[in-house]
Amino acid sequence: MFGLGMQELIVIFVIALLVFGPKKLPDLARSLGRGMAEFKRASDELKEGLSTELAEEEEKAGAVAEQKTQAAEAETLPTVGQEETPKGKHETRNV
């Protein structure tokens, strides 16, 4: 946990006990636990929101790329009943 060994944690606990006293220490630990839980909850919500937004952006980008591909294909392929002339213009042929 944060690179601290058991001896360091014991020293920190003893110092906190001396500074805050035995009556206030449980309240302090409870408040610290609640704060950490709320921080974790907020960070999870942020991660979920960002991943949802990222997925939506990727979906939009995929749709735009698909539309561009379809538009490019439509420009290069002549329509039914039309034949390309040597000048690159389309000419209607009666069948």
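All values below were derived from every heavy atom in this structure, side-chain atoms included, with hydrogens, water molecules and symmetry-related copies excluded.
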Under the side-chain hydrogen bond (donor to acceptor under 3.5 Å, both in side chains) rule, collect the residues that match up with R34, sequence neighbours excluded. none
Go through the structure and list residues passing side chain to side chain contact (heavy atoms under 4.5 Å, CB included) with V14, not counting sequence neighbours. I10, L18
State which residues pass side chain to side chain contact (heavy atoms under 4.5 Å, CB included) with A29; sequence neighbours excluded, sorted by chain then number. none
Drop me the distance from [X]'s [atom1] to [Y]'s [atom2], to the nearest 0.5 angstrom.
X	Y	atom1	atom2	answer
D44	R41	CG	CZ	9.5 Å
S43	E48	OG	CD	11.5 Å
L25	F20	CG	CZ	8.0 Å
K24	S31	NZ	OG	10.0 Å
E59	E57	CD	CD	10.5 Å
L32	L28	CG	CG	6.5 Å

Same hydrophobic cluster for V11 and F13, using side-chain heavy-atom links shorter than 4.5 Å among ILVMFWY? yes
Checking the side chain of E8 only, and the main-chain atoms of G5 only, is there a donor and an acceptor separated by less than 3.5 Å? yes
Decide, yes or no, whether a salt bridge links D27 with R30 under the criterion of side-chain N to carboxylate O below 4.0 Å. yes
Taking every heavy atom of P22 against every heavy atom of L17, the minimum-distance pair comes out as CA-CD1, 3.8 Å
